[in-house]
2 protein chains.
Amino acid sequence: MQSSRGGATLTEQVVATIREAILNGKLEPGTLYSVYRMADEIGISRTPVREALLRLADAGMVRFERNRGFRVLRTSVRELQEVFQLRLLLEVPAAYRAAHLADEELRVKVRKELAAMQSAAIGHDENLFMAHDRALHELVLAASQNNKLVNSVRDLRFITMTLGASTVDRSRTLSDIADEHRPLVDAIENRDPNAAATAMHHHIVHTGQLLLEQLIKDGRDSSGLDPKWASSFTADVQFPGSYQIPQPLPNEQVGDSNK
Amino acid sequence: MQSSRGGATLTEQVVATIREAILNGKLEPGTLYSVYRMADEIGISRTPVREALLRLADAGMVRFERNRGFRVLRTSVRELQEVFQLRLLLEVPAAYRAAHLADEELRVKVRKELAAMQSAAIGHDENLFMAHDRALHELVLAASQNNKLVNSVRDLRFITMTLGASTVDRSRTLSDIADEHRPLVDAIENRDPNAAATAMHHHIVHTGQLLLEQLIKDGRDSSGLDPKWASSFTADVQFPGSYQIPQPLPNEQVGDSNK
DNA sequence: GGTCGGCAAGTAGCATGTTACTCTGTTAGA
DNA sequence: TCTAACAGAGTAACATGCTACTTGCCGACC
């Protein structure tokens, strides 16, 4: 079963294939796989498979074990916390800048993606929903005019999605998640950078908090988890002339997960 | 001339070898090289060389051209601007957190690195100086307790260093640069997060501004350069409850480079 | 029963072979 | 002189061969 993307190199196609396999659980974390067998299954030689896996290893998705095979890495609570901390540091300013620079084209596109998300939510098409969710976030990132930022966050969001697949989040319906993006889209429509940054902040903190709680409930080791992960990189107390974050709203539940 | 690191795989050694070759200018941007010849020169087979280059290609350091060879990429003004924007987004909060969490061990180490930088500056040993500069920044990043952040910034700093080698910066002596780190070290000593964040911010903005100006003076295409790159991801006007940056000091020259 | 040894299978890492392509220079044809 | 076909060298991408290592199994010995 060979992915039929014609344009790029075989290696790149394999990267995409393996990413998908990880996302939908066909490759499970912890199990030992081998380049030999994987190349056989795909029906190509070992080289492009190995090169694809090396790239994923570089991104922290898999690990090679000499003379034994490779494993898909199980994302730890600690790692996920780091991912969301980084996403806060990168995506919130990106949202700010996107709203600041927003032209009519961006506003139209963003509106369309949100609408597509909502209709996918109604149709309960999770894959389609995820695709539009991803597209919306990429639009905002791209609008920040910083390509390196876009690429960095892409990897981080992939890790998030990997866990979203395994830990089914039953606390939110797809419609809930779509609604959660509305303040962000509204802020971009209104070209209100502060509102966009705040909306993105709330969105990431909320998503991260739910995922972390879910992971811990599933019995994942939570040592090294900082209940204040979302604010630990910025001031708890506001101070003039330096980095600040939106203070958590009173009703925003944070860190009451590990009783 | 083979690097004699025994522990890791050949590929990893080659990555380090090529990185150094790029840093010290043995591999120059723009020139077309080939995996064949490079493998011959190092005295090993093509595979580990190719794998090493693929990793560097992933990090944006080189680019393969099918059936033609590979080039070391010339960092554009635009890219460098993006790098410094990202470094601001990541390293400033990291400095904040490092100062917040600083224990006696960190304070001692940081002090020692600064002293080593200064003595290397007096001895005009540029390589040694760079090594300690790098070590100091890594200490601060590591103290932020976020490994993914450390790794992200490592790549960004490497790009910066690549340009430091080609565009000789005569506006600052090594001692000047060392002195520029003193406020940061002091802030960590005093466990003053705000001061640490501010010091790191000034340091990165200053370094970035000088490098960008140097590049433009050297005739590099400056289209797409935003004179306000350092603040464009955050509010120009302070607002409560959202992201803010230290406002530029009155004497901080910003954006007067392209007349 | 329990321990040791060695044998076979399986692997990553590295080396080498193959293919289809790009580019350069040269020569045949106008 | 100019153009175009063509041959040859050189290459990345992909396929395959080789080696040293790890592991599990099985049978011999205590």
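Each chain gets a letter, A, B and so on, in the order its sequence line appears, and its residues count up from 1. Predicted model, so just to flag it, every value in this text is computed and none were measured. Just so you know, these numbers use all the heavy atoms, side chains as well, and skip hydrogens, waters and symmetry mates.
A sub-4.0 Å separation between OP1 or OP2 of dG13(C) and a side-chain N or O of R50(A) is present. The side chain of T11(A) contributes an N or O atom lying less than 4.0 Å from OP1 or OP2 of dC14(D).
A side-chain donor from one of R87(A) and T160(A) sits under 3.5 Å from a side-chain acceptor of the other. No hydrogens or angles considered: nothing links the side chains of H181(A) and H132(A) as a donor-acceptor pair under 3.5 Å. For the residue pair D221(B) / S223(B), a side-chain donor-acceptor distance below 3.5 Å is found, with atom types taken as modelled.
Distance, L54(B) CG to dA13(D) P: 7 Å, rounded to whole Å. Put simply, CZ on R63(A) is 14 Å from C1' on dA12(C), counting in whole angstrom units. The interatomic distance linking E12(B) (CD) with dG13(C) (P) rounds to 9 Å, in whole Å. Rounded to whole angstrom, the span from the CZ atom of F70(B) across to the P atom of dG10(D) amounts to 17 Å. Residue L53(A) contributes atom CG, which lies 11 Å from atom C1' of dA12(C) at whole-angstrom precision.
The pair R78(A)-E82(A) meets the salt-bridge criterion, since a charged nitrogen lies less than 4.0 angstrom from a carboxylate oxygen.
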Readout for nucleotides 15-22 of chain D: B = base within 4.0 Å of protein heavy atom, S = sugar-phosphate only, - = neither; 5' to 3' it is BBBB-BBS

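Using a 4.0 Å heavy-atom cutoff across all strands shown, E65(A) reaches sugar-phosphate atoms only and no base atom. Backbone-only contact: R37(B) has heavy atoms under 4.0 Å from sugar-phosphate atoms and none from a base.
Cation-pi geometry between R50(B) and F70(B) is not met: the NZ or CZ atom fails to fall both under 6.0 Å from the ring centre and inside 45° of the normal.
Heavy atoms from other residues, nucleotides or ligands lying under 6.0 Å from CZ of R134(A) number 12 at most.
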